[in-house]
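For clarity, every value in this text was computed on a predicted model and none was experimentally measured. Residues take their numbers from the sequence shown, with the count starting at 1.
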Amino acid sequence: MHQIAVVALPGVFPYELGIPARFFRAAQRDGEALYSVTTCTLDGAPVPTNSDFAITPAADRRVLETADTIIIPPWSDAEIAGDPIGLSDFADRRIVSFCTGAFTVAAAGLLDGREATTHWCAAEEFGRRFPRVRLREDELFVDAGSVLTAAGASAAIDATMHLIATDHGAAVAATVSKVTLAAPHRGGGQRQFIARPPVPQSVPGSSGDIQGWLMAHLDEPLSLAAVAARFGMSVRTLTRRFRAETGRTVGDWFADAKVDRARELLETTDLTIDDVAARSGFATAAALRKHFRDRLGLAPQQYRSRFARAA
């Protein structure tokens with residue numbers, strides 16, 4: 001039987017802490033459990049959660065010695081406290097992190113040169129602290145073989161379902177899905193959940209000024225030449241200035257802005273997909289669908305079904 005140890009560090013997040021036991025214990029074949037799950041703290045003593053209660057573990061860190069998989073849920077000091085577990089001693093095990101637990105894994109050096117993810121809110125800090133990690137901040141989870149990192153909260157379920165399917169096949173994962181009422185696989189990445197900040201107020205001719213003007217003309221078929229002429233620049237100057245100030249091309253930023261407008265309309269109106277496309281500046285519904293797939297990994301109707309706000 002595959003032995004799983006879940007490490008509860010001070011300020012552990014209860015939601016993610018409970019996911020391994022709930023899902024891995026539901027995985028069975030012919031009535032036989034496929035995993036055992038043990039929750040531990042470093043010294044076996046109770047630890048506070050980040051909620052209004054503490055948890056009392058079944059074991060201390062000695063359970064890590066016999067574990068096949070070690071899971072680190074997010075905890076209150078994960079972004080600043082390094083690796084109190086000593087994970088580098090367990091590099092021969094499968095290591096899994098949920099949310100900002102990735103900071104603990106990265107601090108142990110186990111993600112150097114590998115791809116990984118964490119919650120999008122913490123991605124910028126993670127990238128600064130661990131430049132040797134190939135951060136994929138848009139992903140719900142990243143399986144790098146012996147190390148798997150998942151983004152926040154419900155992405156831990158996505159990663160757990162993936163591990164069950166990888167270990168024991170789609171049929172077992174499907175059974176777990178039915179028992180837990182959880183989707184065996186969710187499309188799209190973290191981008192579908194991220195709201196972009198508003199365009200800043202800026203001095204005339206700056207990238208912020210250009211962005212503000214573009215936002216007011218999203219539904220118009222604009223060319224680079226037309227935008228450059230509006231601001232009295234050459235296309236070359238416009239392109240160079242915009243990239244220098246934003247790190248992006250005008251076209252790429254404008255396409256994302258159109259997708260964001262479409263997202264807003266899908267969330268707040270019952271307009272048809274054709275109408276959403278037109279009001280967002282896409283020539284056709286097919287063009288809208290392509291940009292949604294490319295940027296969010298979802299079709300517009302899938303996005304609406306997940307995020308439409310009740311009237």
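- Under the 30°/60° scheme for interplanar angles, the aromatic rings of Phe282 and His291 are found to be tilted.
- Under 3.5 Å, the side chains of Thr100 and Trp75 contain no donor-acceptor pair of N or O atoms.
- When every heavy atom of Asp83 is checked against every heavy atom of Ala107, the shortest pair comes out as N-CB, 4.0 Å.
- You'll find the side chain of Thr180 reaches within 4.5 Å of the side chain of Phe23, heavy atoms only.
- A distance of 15.5 Å separates NE2 in His162 from CD1 in Ile157, rounded to the nearest 0.5 Å.
- Formation of a donor-acceptor pair under 3.5 Å by the Arg25 side chain with backbone atoms of Ala33 is not found in this model.
- Looking at Glu115, its side chain never comes within 3.5 Å of a backbone N or O of Arg134 through a donor-acceptor pair.
- The two residues Leu265 and Ser280 have their closest heavy-atom pair at CD1-OG, 3.8 Å.
- None of Thr175, Val172, Leu34 except one satisfies the side chain to side chain contact (heavy atoms under 4.5 Å, CB included) rule with Ile164; the exception is Val172.
- Taking 4.0 Å as the cut-off between side-chain N and carboxylate O, Arg94 and Asp167 count as a salt-bridged pair.
- Hydrophobic clustering (side-chain heavy atoms under 4.5 Å, transitive across Ile, Leu, Val, Met, Phe, Trp, Tyr) keeps Phe90 apart from Leu163.
- Under the 4.5 Å side-chain heavy-atom criterion for ILVMFWY residues, a single connected hydrophobic cluster contains both Phe242 and Leu224.
- A heavy-atom distance below 4.5 Å is not found between the side chains of Pro46 and Thr41.
- Residue-environment remark: CD (Glu32) stays at or below the threshold of 12 foreign heavy atoms within 6.0 Å.
- The nearest pair of heavy atoms linking Ala91 to Leu110 is CB-CD2, 3.9 Å.
- Residue His119 comes nearest to Cys99 through the heavy atom pair CB-SG, 3.8 Å, listed as atom of the first residue, atom of the second, then distance.
- In summary, Glu125 and Arg128 engage in a salt bridge, as defined by a charged side-chain N under 4.0 Å from a carboxylate O.
- Closest heavy-atom contact between Val250 and Leu214: CG1-CD1, 4.1 Å.
- Side chains of Tyr303 and Arg263: a donor-acceptor N/O pair is present below 3.5 angstrom, by distance only.
- Within the 3.5 Å criterion, the main-chain N or O of Val6 finds no donor-acceptor partner in the side chain of Thr38.
- Separation of atoms OG1 (Thr160) and CD (Glu16) is listed at 10.5 Å; rounding is to 0.5 Å.
- Using a distance-only test at 3.5 Å, with no hydrogens or angles considered, a donor-acceptor pair links the side chain of Thr117 to the main chain of Arg136.
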> Would Phe292 and Arg289 satisfy side chain to side chain contact (heavy atoms under 4.5 Å, CB included), going step by step from the backbone distance to the final call?
Replying inline: CA-CA 5 Å; Phe292 252 67; Arg289 292 187 184 98; 5.7 Å; no
>> side chain to side chain contact (heavy atoms under 4.5 Å, CB included), that's the test. Do Phe13 and Thr49 meet it? Break it down for me.
In response: CA-CA 6 Å; Phe13 289 32; Thr49 68; over 6 Å; no
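- When the side chains of ILVMFWY residues are joined at heavy-atom separations under 4.5 Å, either directly or via intervening members, Val133 and Trp120 end up in two distinct hydrophobic clusters.
- Defined by atom type and a distance below 3.5 Å, a donor-acceptor pair is present between the side-chain atoms of Ser146 and Arg114.
- Phe130 and Leu148 sit in two unconnected hydrophobic clusters of ILVMFWY residues. Membership requires side-chain heavy atoms under 4.5 Å apart, directly or through other members.
- Phe103 and Ile70 fall within a single hydrophobic cluster, where Ile, Leu, Val, Met, Phe, Trp and Tyr are joined by side-chain heavy atoms under 4.5 Å apart, directly or via other members.
- Electrostatic pairing of Lys290 and Asp294 counts as a salt bridge here, judged by a charged N lying under 4.0 Å from a carboxylate O.
- Side-chain atoms of Arg93 come within 3.5 Å of backbone atoms of Glu65 as a donor-acceptor pair (strictly under, hydrogens ignored).
- Separating the CZ atom in Phe98 from the CG atom in Leu17 is a distance of 9.5 Å, to the nearest 0.5 Å.
- Taking 4.5 Å as the limit, every side-chain heavy atom of Arg240 sits out of range of all side-chain heavy atoms of Val235.
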>> Met233 vs Arg241, test: side chain to side chain contact (heavy atoms under 4.5 Å, CB included). Steps then yes/no.
In response: CA-CA 10 Å; Met233 306 177 190; Arg241 179 178 298 179; 3.0 Å; yes
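- Between Asn50 and Pro74 there is no side-chain heavy-atom pair separated by less than 4.5 Å.
- Proximity of Glu264 to Arg261: side-chain heavy atoms (C-beta onward) are separated by under 4.5 Å at one or more points.
- Within the 6.0 Å centre-distance limit, the rings of His168 and Tyr35 are counted as a close aromatic pair.
- For the side chain to side chain contact (heavy atoms under 4.5 Å, CB included) with Leu42, the lone residue among Val47, Asp60, Leu64, Ile85 that qualifies is Ile85.
- Between Ser97 and Thr104, the closest side-chain pair of non-hydrogen atoms is not below 4.5 Å.
- Ile71 places a side-chain heavy atom less than 4.5 Å from the side chain of Ile4.
- With salt bridges taken as basic N to acidic carboxylate O contacts below 4.0 Å, none links Asp219 and Lys258.
- Across Ile273 and Ala285, no two heavy atoms sit closer than the pair CG2-CB, 4.0 Å.
- Note that the CD atom of Glu124 and the CG atom of Leu135 stand 11.0 Å from one another [nearest 0.5 Å].
- For the pair Ser36 and Phe24, the minimum side-chain heavy-atom distance is 4.5 Å or more.
- Counted by atom type alone, Thr66 and Gln3 present zero donor-acceptor pairs between their side chains at under 3.5 Å.
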> Can you list the steps and then say if Glu137 with Phe126 is a side chain to side chain contact (heavy atoms under 4.5 Å, CB included)?
Replying inline: CA-CA 10 Å; Glu137 59 188 272; Phe126 187 94; over 6 Å; no
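- Taken to the nearest 0.5 Å, the CZ atom of Phe141 stands 10.5 Å off from the CE atom of Met161.
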